[in-house]
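This report refers to the structure that appears directly beneath it.
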Amino acid sequence: AQKVTQAQTEISVVEKEDVTLDCVYETRDTTYYLFWYKQPPSGELVFLIRRNSFDEQNEISGRYSWNFQKSTSSFNFTITASQVVDSAVYFCALSENTGNQFYFGTGTSLTVIP
Amino acid sequence: SAVISQKPSRDICQRGTSLTIQCQVDSQVTMMFWYRQQPGQSLTLIATANQGSEATYESGFVIDKFPISRPNLTFSTLTVSNMSPEDSSIYLCSVLRPMNTEAFFGQGTRLTVV
């Protein structure tokens, strides 16, 4: 079973629009971490945010914000006033307290059109 | 944070040949991880490289095809053997912060097999 689901394969928005990337996860652990990574066309993975399972407080960092809801097992990512440089593939990931593996979603390819 | 140097960053190889990818970490780590990202796909864990013992391979990956070395706590290599065009992917090495609170990635090796 897929532990991290990103239902949106591709999204296109016009510059300055807001966009939300969805992430749903599945785990039986009570302690876990959720992440978002950005992968620009160059290929490297850029860490954006980490959230632990005990901290449901939403976070805002500049144009980025994250909405963590344990009740729906979701960790959604919103980019406000999108820019062309935001064009990339975004991965949601889960790490559990047990084991040593990161579980990645299938990624959402975001294209911001100028 | 951990700084991971991975090389080569990209290569174009002939089918039937082998390529060895190197991963150097700036600090000692117990486990290093090798991922494959096929075009347009998410990251798939190939194996976990442990210092002093054989690597642990995930389902669908075998040592004969992806031999791994881990001679010390800061270095690992992944070899892609007897390559075919289906091996064209980005290969990434990764290490974990203690308690799985973050994963750090190398810059990736973009491999094209012709």
Side-chain angles (χ1 to χ4, degrees), chain A residues 1-11 21-25 27 29-55 75 87-111, chain B residues 1-11 21 23 29-51 53 55-61 70 88-112:
Chain A
Q2 190 73 18
K3 282 184 174 285
V4 180
T5 301
Q6 293 178 257
Q8 304 149 308
T9 305
E10 297 181 359
I11 300 176
L21 310 182
D22 298 334
C23 174
V24 175
Y25 64 93
T27 180
D29 281 18
T30 55
T31 302
Y32 53 89
Y33 294 89
L34 296 164
F35 304 80
W36 277 95
Y37 285 86
K38 175 182 180 180
Q39 187 177 44
S42 52
E44 77 273 20
L45 280 166
V46 178
F47 167 79
L48 295 178
I49 191 172
R50 174 185 72 242
R51 251 307 170 252
N52 74 57
S53 53
F54 298 107
D55 183 2
F75 186 45
S87 297
V89 180
Y90 291 85
F91 290 97
C92 181
L94 164 74
S95 76
E96 298 170 320
N97 199 36
T98 54
N100 297 295
Q101 186 172 165
F102 260 52
Y103 300 95
F104 286 87
T106 49
T108 298
S109 177
L110 174 64
T111 301
Chain B
S1 64
V3 176
I4 303 175
S5 299
Q6 186 175 337
K7 58 182 181 182
S9 59
R10 59 177 62 231
D11 207 342
I21 303 167
C23 183
V29 292
T30 305
M31 287 183 285
M32 295 175 72
F33 303 87
W34 287 99
Y35 287 87
R36 180 177 73 182
Q37 185 182 20
Q38 294 176 300
Q41 302 296 315
S42 186
L43 284 74
T44 301
L45 182 64
I46 298 172
T48 303
N50 307 296
Q51 195 270 335
S53 64
T56 303
Y57 289 83
E58 298 299 309
S59 176
F61 298 96
R70 184 79 201 277
S88 297
S89 298
I90 297 174
Y91 293 85
L92 297 110
C93 67
S94 174
V95 301
L96 291 179
R97 185 195 291 261
M99 301 302 290
N100 301 350
T101 55
E102 189 171 340
F104 301 98
F105 292 88
Q107 307 94 315
T109 297
R110 192 179 295 269
L111 170 63
T112 303

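Here is the naming used below: chain letters follow the sequence lines, and residue numbers restart at 1 for every chain.
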Kindly compute the distance separating [atom1] ([X]) from [atom2] ([Y]), expressed to the nearest 0.5 Å.
| X | Y | atom1 | atom2 | result |
| --- | --- | --- | --- | --- |
| B:L43 | B:R36 | CG | CZ | 11.0 Å |
| B:S9 | B:L111 | OG | CG | 11.5 Å |
| A:Y25 | A:E96 | OH | CD | 11.0 Å |
| A:S87 | A:I11 | OG | CD1 | 11.5 Å |
| A:E44 | B:I90 | CD | CD1 | 9.5 Å |

For [X], which atoms come within 4.5 Å of any heavy atom of chain B: side chain, backbone, both, or neither?
| X | answer |
| --- | --- |
| A:Y103 | neither |
| A:F104 | both |
| A:Q39 | side chain |
| A:S42 | backbone |

*Checking heavy atoms, do the side chain of B:Q6, its backbone, both or neither come under 4.5 Å from chain A?*
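No part of B:Q6 comes within 4.5 Å of chain A.
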